[in-house]
Amino acid sequence: MALDDLKSAVPDYAKDLKLNLGSVIGNAESAALLTQQQLWGTVLACAIASRSPKVLRELEPEAKANLSAEAYTAAKSAAAIMGMNNVFYRTRHLLSDPEYGNLRAGLRMNVIGNPGVDKVDFELWSLAVSAINGCGMCLDSHEQVLRKAGVERETIQEAVKIASVLQAVGAVLDAEAVLAE
């Protein structure tokens, strides 16, 4: 199992991350809070967003095996579109001139309206990627859509936990790769 390979690659000084990796992917609590599609779509979108080749290489095959072709593509689409949106909307939010918020974005975001999977799942993946990319506006927007759709806070938090663990594991493994050179 690739998850076991990924956990074994985490150094001892990051033991908490290794333990958390096991607890957020494939444990009973995650399974109770997330559907298989939500779990593995979140894993794939966050593995892409982490920008860590090792994390993506290890987790992508299992994500692909657990997702339909449509969900696999939609999870990748969530990572792609949020990569753009998180920079754009975070910048709008951080600029002190509020007039930028009144300007037309002029960016194509068609996949958000028609992601090819259940809208709730796509929103959850978008929220998780937004957590990695640090866009507060996007986090608020996706969280509100999810809550309006009846998604519980615990489910949303579970996706954020996956995002935080994968991001941290990716940073550690990438740092270790550099230090080993």
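Bear in mind the structure is a predicted one, so any value in this text is a computation, not a measurement.
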Visitor: Looking at every heavy atom in both A128 and A159, which two are closest together, and how far apart are they?
Guide: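 In terms of heavy atoms, the two residues are closest at CB-O, 3.9 Å.
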
Visitor: Listed by chain and number, what are the side chain to side chain donor-acceptor pair (under 3.5 Å) partners of E60, not counting sequence neighbours?
Guide: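 For E60, the residues satisfying side chain to side chain donor-acceptor pair (under 3.5 Å) (neighbours in sequence not counted) are Y72.
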
Visitor: What pairs with T73 under side chain to side chain donor-acceptor pair (under 3.5 Å), at least two apart in sequence or on another chain?
Guide: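 Not a single residue meets the side chain to side chain donor-acceptor pair (under 3.5 Å) criterion with T73.
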
Visitor: Shared ILVMFWY cluster between I162 and I132, side chains joined below 4.5 angstrom?
Guide: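 Unlinked, I162 and I132 end up in two clusters.
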
Visitor: Going by side-chain contact (heavy atoms from CB on, under 4.5 Å), name the residues that satisfy it together with D12, two or more places apart in sequence or in a different chain.
Guide: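 D12: side-chain contact (heavy atoms from CB on, under 4.5 Å) contacts with K18.
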
Visitor: Looking at residues at least two apart in the chain, or sitting in another chain, which of them share a side-chain contact (heavy atoms from CB on, under 4.5 Å) with A47?
Guide: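 Listed in chain order: V55, L56.
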
Visitor: Any chance you could measure I81, atom CD1, to K76, atom NZ, to the nearest 0.5 Å?
Guide: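 Here the rounded value is 15.0 Å.
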
Visitor: Rounded to the nearest 0.5 Å, what separation is found between the CD atom of E70 and the OG atom of S68?
Guide: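 E70 CD to S68 OG: 4.5 Å, rounded to 0.5 Å.
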
Visitor: Over all heavy atoms of both residues, which pair between A71 and Q37 is shortest? Give the atoms and the distance, please.
Guide: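 Scanning both residues completely, I find the closest heavy atoms to be CB-OE1, 3.5 Å.
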
Visitor: Report all side-chain donor-acceptor pairs from residues 172-181 shorter than 3.5 Å, counting only partners two or more places apart or in another chain.
Guide:
| from | atom 1 | to | atom 2 | distance (Å) |
| --- | --- | --- | --- | --- |
| D174 | OD1 | S52 | OG | 3.1 |
| E176 | OE2 | Y13 | OH | 2.7 |

Visitor: How long is the span from the CZ atom in R153 to the CG atom in L146, to the nearest 0.5 Å?
Guide: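 Interatomic distance, R153 CZ to L146 CG, rounded to 0.5 Å: 12.0 Å.
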
Visitor: Could you list the donor-acceptor pairs under 3.5 angstrom formed by side chains in residues 89-103, with sequence neighbours left out?
Guide:
| from | atom 1 | to | atom 2 | distance (Å) |
| --- | --- | --- | --- | --- |
| R90 | NH1 | N133 | O | 2.3 |
| T91 | OG1 | V87 | O | 2.7 |
| R92 | NE | Y100 | O | 3.1 |
| R92 | NH2 | Y100 | O | 3.3 |
| R92 | NH2 | L103 | O | 2.2 |
| D97 | OD1 | E99 | N | 2.9 |
| E99 | OE1 | N102 | ND2 | 3.2 |

Visitor: Check P115 against A74 and note the closest heavy-atom contact, atom names and distance.
Guide: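 Between these two residues, the closest heavy atoms are O-CB, 3.4 Å.
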
Visitor: Decide yes or no for W125 and V117: does some side-chain heavy atom of the first lie under 4.5 Å from some side-chain heavy atom of the second?
Guide: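 Side chain of W125 against side chain of V117, heavy atoms only: contact under 4.5 Å found.
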
Visitor: What distance separates C46 SG from K161 NZ, expressed to the nearest 0.5 Å?
Guide: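 The NZ atom of K161 is 13.5 Å from SG of C46, to the nearest 0.5 Å.
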
Visitor: Please report the C-alpha distance between V120 and Q38 in whole Å, then the side-chain angles of each, then the deciding distance to 0.1 Å, and finally whether the side chain to side chain contact (heavy atoms under 4.5 Å, CB included) criterion is met.
Guide: CA-CA 9 Å; V120 166; Q38 289 171 339; 4.1 Å; yes

Visitor: Apply side chain to side chain contact (heavy atoms under 4.5 Å, CB included) to L59 and L44, showing your working.
Guide: CA-CA 7 Å; L59 295 177; L44 180 59; over 6 Å; no

Visitor: Excluding sequence neighbours, so at least two apart, what forms side-chain contact (heavy atoms from CB on, under 4.5 Å) with S130?
Guide: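 Scan of S130 (side-chain contact (heavy atoms from CB on, under 4.5 Å), adjacent residues dropped) gives M82, N86, C138, L139, H142.
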
Visitor: Which residue pairs satisfy the salt bridge (charged side-chain N to carboxylate O under 4.0 Å, His left out) criterion with at least one member in residues 121-137, sequence neighbours excluded?
Guide: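 As it turns out, the salt bridge (charged side-chain N to carboxylate O under 4.0 Å, His left out) pairs with a partner in residues 121-137, which skip direct neighbours, are K119-E123.
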
Visitor: Donor-acceptor pairs under 3.5 angstrom involving side-chain atoms of residues 107-114: please list them, not counting sequence neighbours.
Guide:
none

Visitor: Measure the CG-CG distance between L127 and D140 for me, rounded to the nearest 0.5 Å.
Guide: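 Spacing of CG (L127) from CG (D140) equals 9.5 Å.
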
Visitor: For K54, which residues count as a salt bridge (charged side-chain N to carboxylate O under 4.0 Å, His left out) partner, sequence neighbours excluded?
Guide: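 With neighbours one apart ignored, the set is E58.
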
Visitor: Can you list the residues that meet the side-chain contact (heavy atoms from CB on, under 4.5 Å) rule with E154, with sequence neighbours excluded?
Guide: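 Scan of E154 (side-chain contact (heavy atoms from CB on, under 4.5 Å), adjacent residues dropped) gives L33, E152.
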
Visitor: My understanding is that a hydrophobic cluster links ILVMFWY residues whose side chain heavy atoms are under 4.5 Å apart, including indirect links. Using that, what else belongs to the cluster containing V145?
Guide: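 Hydrophobic cluster check, V145: no partners found.
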
Visitor: What's the spacing between T42 OG1 and L124 CG if we round to 0.5 Å?
Guide: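 Answer rounded to 0.5 Å: 4.5 Å.
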
Visitor: Using side-chain heavy atoms (C-beta onward) and a distance below 4.5 Å, is L21 in contact with I25?
Guide: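 In short, these two side chains touch, coming nearer than 4.5 Å.
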
Visitor: Tell me the closest heavy-atom pair linking A131 and A163, and the distance in Å.
Guide: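 That closest heavy-atom pairing would be CB-CB, 4.4 Å.
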
Visitor: Count the heavy atoms of every other residue, nucleotide or ligand shown that sit under 6.0 Å from CZ of R147, and state whether that count exceeds 12.
Guide: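 Enclosed.
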
